[in-house]
Participant: 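Pasting a structure here, questions to come.
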Amino acid sequence: MELSTGIILEILNGATPEKPTFQVINAKKIESSNTVDRYRLLLSDGEYVYSHVMLAAQLNKMWENNEVPNMSVIEATRYLCNKLQGDKRVIILLDLKVLASGSDVKCKLGNPTQLNPNSIPTSTPKPAMDSGINEQKAAVFKPQNNNNTALSTGNTTVQQTHQVNSLEKKSLTPGTPNSRVHSIASLTPYQNRWRIRARVTMKSNIRTWSNSKGEGKLFNCNLLDDSGEIRMTGFKEQVDKFYDMLELNKVYYISRCTLKTANKQYSNLNNDYEMTMNPETVIEPCNDDSDLPVISFDFVKLSELEQCKPPTSVDVIGVVKVCNDVNSVVGRQSQKEILKRDLQIVDQSGLAVSLTLWGDEANKFDGQGFPIVAVKGARLSDFNGRSLSVSGSSQLIVNPDTKEAHVLRGWFESGGRDQNFSSYQSEGGSGGGQSSNWKTFLQVKSENLGQGEKADYYTAKGTVVFVKKDNCMYQACPTADCNKKVVDLGNGQYRCEKCCREFPNHKWRMILSCNVADHTDNQWITCFQDSAEGMLGMKADELGQLRETDEMRFDQVLQDALFKSYIFRMRAKVETYNDESRLKTVCVAANNVDWKEYGNQLISQIAQLGI
DNA sequence: CCCCCCCC
């Protein structure tokens with residue numbers, strides 16, 4: 001256990017040694033108009049005690065949990081020294097580790113003297129050879145604690161080495177101190193002098209707002225360097241000053257923004273802080289940008305969206321196969337009219353997915369010539385299975401000059417455009433809003449599908465093992481939209497009670513009860529007209545004729561329907577008759593198995609097992 | 001100082 005003797009003075013004079021150790025003599029909560037409590041510490045390095053020490057608010061809980069009782073020896077893992085007005089200097093502890101609890105140390109180490117914050121002596125830089133002097137100092141230093149805590153001095157040589165290292169890490173360019181460039185990851189609200197060099201990886205449109213607090217305009221952009229990303233927002237005057245100057249993908253020197261804690265609710269960037277431009281903000285273009293990372297995409301194939309759990313953000317790239325006209329909707333909450341345009345994008349995975357653009361971006365989008373769109377951070381929802389939207393934090397790039405885009409273009413022009421594409425949209429219309437939700441029949445039971453207030457939709461591959469012949473079809477009202485069963489009046493007339501009319505004819509409607517099996521279980525399902533006709537390979541009217549004229553052939557049609565496999569889309573809901581409840585499963589669609597697609601589905605299910 | 005990301 002060592003205190004970094006004399007280190008406080010060096011830090012106050014601008015040194016930035018790594019991981020200095022201190023003793024916390026005292027801590028007190030300061031009164032603040034701010035909603036956040038702040039702690040002020042009395043910190044000792046064994047030689048001096050300094051009182052202008054603040055704790056970054058995120059460390060408050062260590063004190064609130066009594067993890068750092070007075071007299072604890074700590075290592076300052078991250079810290080800053082800021083100059084305030086009047087040349088006052090304050091040390092801010094950003095991150096720390098307790099090396100020895102005050103409950104063990106119990107007393108003040110060494111015999112430190114109080115530093116007067118208003119007259120801090122300049123520490124003369126000590127050359128490496130000077131360490132002997134330091135050791136002399138150490139000899140003078142008398143630890144009062146004589147238990148097992150041996151105290152020694154900080155080693156100046158080592159400290160200076162650390163200092164050089166840490167400056168190297170911060171890309172200190174030889175020359176004036178002003179040429180120092182900070183990394184984005186090092187920015188905190190506790191610094192007041194910094195400059196970053198960063199690439200613009202997202203630039204929003206200019207938006208306006210109007211609320212009870214006022215109105216104005218703003219934009220934001222994301223900045224990237226090799227240490228991380230940060231969001232930057234500009235309001236009003238700063239919009240006028242910097243919006244046109246900041247270009248997507250270009251690199252700038254940026255300084256003097258206001259740092260604040262990021263509201264994670266609205267930011268998908270990996271940074272605890274974000275920054276706001278202010279009247280002091282300086283932004284200068286930087287032309288030498290080759291060393292900085294460029295906007296990077298982590299593209300998800302459109303077929304892989306199935307495995308993404310909405311709502312989430314994804315990077316996607318696709319060819320705009322369909323570009324719908326721009327139209328407008330009224331926002332449910334805002335009650336404002338918003339322009340929108342739906343695109344349908346496709347890729348080599350054979351999927352077509354809807355991508356919605358909003359506002360100005362929707363208005364200005366030109367869908368001519370099947371453009372390629374890449375979206376960083378598109379919002380994925382489960383509407384119609386899967387849908388994408390370009391949200392405020394997304395960046396849309398049209399016809400990017402990237403390898404992925406060229407490969408995609410090549411595929412599209414050499415036959416991809418003529419391909420048939422699958423969609424996540426559930427067949428049969430009424431199952432919207434769900435993903436395909438693949439289930440086995442055993443899962444349907446074990447997961448209690450259909451027990452909720454709303455019906456559950458799921459997709460299953462199954463084989464027809466039994467078809468009920470009785471009551472599989474009925475005579476229905478011939479009116480186009482009426483499927484009501486008619487009464488055969490026996491005189492060649494059929495009466496529909498719903499339409500209150502008699503007709504000389506009727507149509508045939510089907511209600512086919514089938515038992516369908518997969519490798520786990522079986523399930524009784526009800527198939528109405530369209531799916532039943534498909535499974536029997538015959539139109540209901542023809543089948544009705546057959547039933548009346550040639551029962552053997554009719555039986556054969558039902559027989560031939562057995563042991564065929566389909567991809568079933570089901571609607572499951574528990575229904576209760578006479579106090580008896582049972583799961584009713586309606587087949588919304590029965591599609592022939594596309595073995596390639598189904599194989600891919602199985603592959604992705606296997607992938608989801610994470611084996 | 002925004003922070004809605006909309007609608008079907």
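Numbers restart at 1 for each chain; the letters A, B, ... are given by sequence-line order, proteins then strands. As a basis for the values below, the full set of heavy atoms in this structure was taken, side chains included, without hydrogen atoms, waters or symmetry mates.
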Participant: Just wondering, more than 12 heavy atoms not from Asn65(A) lying within 6.0 Å of its CG?
Facilitator: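 Yes, the 6.0 Å shell around CG holds more than 12 heavy atoms from other groups.
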Participant: At 4.0 Å (heavy atoms only), tell me whether Lys217(A) reaches a base, stays on the sugar-phosphate, or touches nothing.
Facilitator: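 It contacts nothing in the nucleic acid.
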Participant: For Tyr273(A), what residues pass the ring pair (Phe, Tyr, Trp, His ring centres under 6.0 Å) criterion, not counting sequence neighbours?
Facilitator: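 If we apply the ring pair (Phe, Tyr, Trp, His ring centres under 6.0 Å) test to Tyr273(A), skipping adjacent residues, there are no hits.
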Participant: Nearest-nucleotide wise, let me know which of Thr208(A) and Asp342(A) is further upstream toward the 5' end of DNA chain B.
Facilitator: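 The residue mapped nearer the 5' terminus is Thr208(A).
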Participant: Just checking Lys461(A): does its NZ atom have more than 12 heavy atoms from other residues, nucleotides or ligands closer to it than 6.0 angstrom?
Facilitator: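 Yes, the 6.0 Å shell around NZ holds more than 12 heavy atoms from other groups.
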Participant: For a 4.0 angstrom threshold against heavy atoms of chain A, report the outermost contacting nucleotides of DNA chain B in 5' to 3' order.
Facilitator: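 The contacted stretch runs from dC1(B) to dC8(B).
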Participant: Could you check whether Arg379(A) gets within reach of a base, just the sugar-phosphate, or nothing at all, counting any heavy atom under 4.0 Å?
Facilitator: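 Sugar-phosphate contact only - Arg379(A) comes under 4.0 Å of backbone atoms but never of a base.
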Participant: May I ask you to say what Glu337(A) touches in the nucleic acid, namely base, sugar-phosphate or nothing, with a heavy-atom cut-off under 4.0 Å?
Facilitator: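 The residue Glu337(A) makes no contact with any strand.
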Participant: So that I can tick it off, tell me whether Asp289(A) and Arg197(A) are bridged by a salt bridge, with the cut-off set at under 4.0 angstrom between side-chain N and carboxylate O.
Facilitator: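 Answer for the salt bridge query: no.
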Participant: Regarding Gly214(A), tell me which of base, sugar-phosphate or nothing describes its non-hydrogen contacts under 4.0 Å with the strands shown.
Facilitator: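 Counting heavy atoms under 4.0 Å across all strands, no contact is made by Gly214(A).
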Participant: Going by the salt bridge (Lys or Arg N to Asp or Glu O under 4.0 Å) test, which pairs reach into residues 220-234 of chain A, not counting sequence neighbours?
Facilitator: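 Applying salt bridge (Lys or Arg N to Asp or Glu O under 4.0 Å) to every pair that reaches into residues 220-234 of chain A, excluding sequence neighbours, yields Arg231(A)-Glu274(A).
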Participant: Parallel under 30°, tilted from 30 to 60°, perpendicular over 60°: which one fits the rings of Trp209(A) and Phe235(A)?
Facilitator: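 Aromatic pair Trp209(A)/Phe235(A) classed perpendicular.
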Participant: Classify the nucleic acid contact of Lys236(A) as base, sugar-phosphate or nothing, counting any heavy atom under 4.0 Å across all strands shown.
Facilitator: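 Base contact.
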Participant: Reckon Arg231(A) touches a base, only the sugar-phosphate, or nothing at all at heavy-atom distances under 4.0 Å?
Facilitator: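 Arg231(A): base contact, heavy atoms under 4.0 Å.
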